Structure formats: C-alpha cells, structure tokens
Number of protein chains: 2
Amino acid sequence: MNRKLAAPVVNAVVLRAAATLDGPRLETLLWRRAKGPEADCWSLPGGFVRDGESLDGAMRRHLLEKVGVSAVGHVEQLDTTSQADTHPELWLLDITHLALIAAGTEPELPPDTSWHPVDGLPSIAFGHADAVARAHDRLRGKLSYSNVAFALTPHRFTVRELAGVYEAVLGYPVDATNLRRVLERDQLIEPTGERRSTGGRPAEEFEFVTRELVVSRPLAAFRAPRGARGRASAPSA
Amino acid sequence: MNRKLAAPVVNAVVLRAAATLDGPRLETLLWRRAKGPEADCWSLPGGFVRDGESLDGAMRRHLLEKVGVSAVGHVEQLDTTSQADTHPELWLLDITHLALIAAGTEPELPPDTSWHPVDGLPSIAFGHADAVARAHDRLRGKLSYSNVAFALTPHRFTVRELAGVYEAVLGYPVDATNLRRVLERDQLIEPTGERRSTGGRPAEEFEFVTRELVVSRPLAAFRAPRGARGRASAPSA
DNA sequence: ACAAAAGTGTTGTTACTACACCCATGG
DNA sequence: CCATGGGTGTAGTAACAACACTTTTGT
C-alpha cells in the first residue's frame, strides 16, 4: 500500500473560569512558538501523537507539560482537520479537543504559554480563533443539560462560586438561588455538610455527586409522552 | 522528522428515516466486506482519504459511491479514533461521521451494502455499534434545537410526514399539531402554498426555509435575563 | 352523507424566572 | 445591633402537551 501518510497532531482549547475585578470570565490557554514558521503566533497548545499512543493519552500528555496533572478535569474531542497545505512535505491531521481546568488551580505555566480572555483574544490566533468559539459554544450547551461544570470548579464550592463559573461561561448573571434548586433537584450537586465563612452568613459547601460527565436532562422540545420515557435523549457531544 | 505516520480513513454512520408497516423507524447503512481480514463483518461505509483531499470531501466521495449524489443532505464529524493495533503494519486513523439521507430517495445500493434498523443491528457490527448509538444520540439532540430534519425529509412534505421522521428518530409518537406550531413559529418550515391529497382532507405542503443547519433555540436552563440576550447559546455539535 | 385525515382552539401542566423576605454570622 | 451575604418561599410567566372540535376532501 504505497500512499502518502499523515502525522496526527492533538491540540486543545483549554478553558477555565477566572474571577476578575469586573466579574468572572472565561479564559483560554495559548502558546506562542519561539521559532519556526509560525513564530510569534499564538496558537493552541498541543503536539504530535506518538506511535501507538491513544489520542486521548497524547492529549493529556501534552496538557500535563503545560498545566500539570491534577488540573485537567475533562477532555473531549471537538473536531479533526486536515492541513495538507501548511507544510509542503508534511500532511498534518489536527485533532482538536476541548479541555477544562478547575478554577483555583494556578498551575506553573511554561514561559511560552499564558491565559487570555475568550472575548478579546490576541488578534494573531489565526485559524484557531474559531476553534475557541466552537469550544465555547459546546461548553455553553453542555452546561445546560449536564454536570460539566464539575471540571471547572474545585472539588468543594459554594453555590455562589458555582454561579460565578456559570456566569463566566454564559456571559450573563445567573441567579444562585435558582441554580442551586435545579442542580440539586437533578442530583448533580449535594451539600457536604461543611460551611464556609464569606463575610456574611456562612455558605453551605457543595460538591458534585459524580466528577464524570453525566447528562442530566433531556432536551426540552418534543419530549416523550407519559409512559414512553425511554433512554434520556441528549447529544453525545 | 523520522516518525511513524498514519493513514486517515473516513467512515460514516449513514442514517435515514424509513416508513414501515409498524410505523417509522431509523435505519443505518452497513457494508459487508467480501474479503480481507474482516470478511463477513458488517461495518460502516467509508475508505481512505486521498493525499490533498479534505476530510469532508473524502467522506462525500465515498458516500457517493454508495448512495449517489443528491441523497446526502448533511454530514458532520462525530469522532476520531486511532487504531494502531488492528493492522500490525498500518496506523489507521478513523474519522467517523454522521451522514443523513433524505427519506424517499431509494438509491441503487451496491450489492455489498444494505439498510439495517438501528434497533436490532446485525450482531456482528463490532466496534462500530457504539458509533451508531452515538450518532443516534447526537441526531436526537439536534432535532430538538435545530432544523436538522431538513436532511431527513424530501424537499417538500406534509406535517404528518415530518412528524413521522421525528418519530423514527425519537422512538415515540409526536403530535403533528404541536410539531407544526413549534417549527413554524421558529421559522424553520413554511407552507409552499401547494396541497396534497392523502385520503382525507388534503394536507398543506411544507418545506424547510433553509436547507443548511440552523440552530433555532437556545437551551432551556439558565437562559439570559431579559435585556442581555446575546448570541444564541447552543452546542456546536 | 359519511369516513378519513388535516387544521384550529383551548385548557392544563411543567418548569423555570424574578424577587421579596427571612436567617446567620462578623464586626 | 447593623451590615453583609446566604437561604427560603412564592407569585408570575413562557412554552409545551393533550385533546376536543372544526374543516375539507374522497367515495
């Protein structure tokens, strides 16, 4: 079988919810190549897949070099693109991921990487800009029907902190009261029994019941008639 | 750069809504290899990506060989998997797609392919069985917040026919009355002005306003407060 | 005229939003 | 005991589900 072959590359839109002076915001990790054809261009962190390595494994290996092991809470594939043209000799196959980092972890970043707010990326992040947008959309959707937020929070948090995470992703204020009601009713979060001082009345401390992706609610339109509730309907990704 | 390289392969979960005696059902197109290591195994249709070919282009090329040009209404990526182990010498990279075929088109199938109901696949469809399940989930979700159904219907249809498509995917009865109200309000479908005889009162003929994917509704939970309705929030895939 | 199937109107329900009010702690 | 924030209760609302009722055709 004599055919041209491709080098698989994994990269990720790494997202975290950061608290800033004017409210929470979503940030992504970008990497600036020191040398090479795309020097001085911000791009998504990632790198080659080794022979025999799984895609997920390769992705996590590259992320560990950037942000450290405990930080990566959730990884999923977004999209694969073929880049036959960028390098004349090399057929690159980019498998782009979405990776979520818990708020509060402040990893030692290598000097060539840094966080950037998702609204207001450096102008240079070329073809990768729309990957960030797609990742953001995907995350926004998943917040509404799953427990993905577990990957953006520390293990224990107050409802207000959690609402901050939602606000960072959604871009608008979220009522902590209602958020708690919904997530608790869907059994995604539960109180730990501990409390935490916050300057006023101490807040209850919550945690996610499971720290793996759980799809909690069927999508709204055209739900099954009573008595025919089969498997939960939800997008797989 | 001396490293082992991979051969990119595209394949697709091809879905269509078929009308049967006991109601509409969802079917997928499977291919049985005549010879080779997986002979007598059903698997997803697909094949190698040529040098310089786009992934989407390669996918459509392979689909055309199976079902013909006009039939393929929508194609999107599902997942990429690395299969370093199946062939000892060959590193395969499977880019799996979801492809939708309009109901009513009855393409000339090559002798080695045939349609199979999604519930009740031939037991042999090995690693590909869960790809079908994921595709089904994805489609089910998209039905609820977009106009994907355009890719499963003929260009013109009655509301009842459309409801049948929804039933095939969702697996439970859908009230045609309410379906029409919702889709018309969201401006996904509109009447053509034509009517069609069906044995009783003639039905209005409808068509989709656009035959490209349109995300019509934000996901339900935690929607933006009044006055802060930014871009529609929706999963990108 | 009657059966069959489409379209209209209406009522009930669900589930979320918005917000007022009450509670617990620190200074 | 007051300021600060957390927690509880509740009324309002949007959107859908269910279904009865009306309309339009074929036979």
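The sequence lines fix the lettering, A, B, ..., with proteins before strands; numbering per chain opens at 1. Treat the numbers as computed from the prediction; the structure is a model and nothing was measured.
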Given atom CG of A:Asn178 and atom P of D:dG12, what is their separation to the nearest angstrom?
16 Å

Between C:dC16 and A:Arg217, is there an OP1 or OP2 to side-chain N/O distance shorter than 4.0 Å?
yes

Partners of A:Glu190 by salt bridge (Lys or Arg N to Asp or Glu O under 4.0 Å), sequence neighbours excluded?
none

Of all residues at least two apart in sequence or in a different chain, which pass the salt bridge (Lys or Arg N to Asp or Glu O under 4.0 Å) check with B:Glu184?
B:Arg180

Please enumerate all residues that pass side chain to side chain donor-acceptor pair (under 3.5 Å) together with B:Thr198, with sequence neighbours excluded.
none

For D:dG9, does OP1 or OP2 lie under 4.0 Å from any side-chain N or O of A:Arg181?
no

Length of the CZ-P vector between A:Phe206 and D:dG6, whole Å
12 Å

Using modelled atom types and a 3.5 Å cut-off, is there a donor and acceptor pairing between side-chain atoms of A:Asn147 and backbone atoms of A:Thr210?
yes

Given D:dA18, C:dC19, D:dG6, which nucleotide is nearest the side-chain atoms of A:Arg160?
D:dG6

Quick one: A:Glu194 CD to D:dG6 P, roughly how many Å, whole number?
18 Å

From C-beta outward on B:Arg185, which listed nucleotide comes closest to its side chain: C:dC16, D:dA15, C:dT17?
D:dA15

Using the ring pair (Phe, Tyr, Trp, His ring centres under 6.0 Å) rule, collect all pairs that involve residues 185-205 of chain B, keeping only residues at least two apart or in two chains.
none

Ring-plane angle category for A:Phe206 and A:Phe157, please: parallel below 30°, perpendicular beyond 60°, tilted otherwise.
parallel

Between C1' on D:dA18 and CG on B:Leu179, what's the gap in Å once rounded to a whole number?
15 Å

Calculate the interatomic distance between A:Leu162 atom CG and D:dG7 atom P; express it in whole Å.
12 Å

What nucleotide, of C:dA5, C:dC19, D:dC19, holds the atom closest to the side chain of A:Thr177?
C:dC19

N/O-N/O pairs, protein side and nucleotides 23-27 of chain D side, under 3.5 Å:
from, atom 1, to, atom 2, distance (Å)
D:dT23, O2, B:Arg201, NH1, 2.8

By nearest-heavy-atom nucleotide on DNA chain D, the more 5' of B:Asp175 and B:Asp186 is B:Asp186

Taken in chain and number order and not counting sequence neighbours, the residues that satisfy salt bridge (Lys or Arg N to Asp or Glu O under 4.0 Å) with B:Glu161 are B:Arg196

What integer distance in Å separates B:Glu161:CD from C:dG7:P?
11 Å

Nearest whole Å is fine: how far is D:dA15 P from B:Leu183 CG?
15 Å

Candidates D:dG5, D:dA18, C:dT8 - which lies nearest the side chain of A:Thr198:
D:dG5

Whole-Å distance, B:Arg180 CZ to C:dG9 P, equals 11 Å

When you measure from the side chain of A:Ala203, which nucleotide among D:dC19, D:dG6, D:dC16 comes out closest?
D:dG6

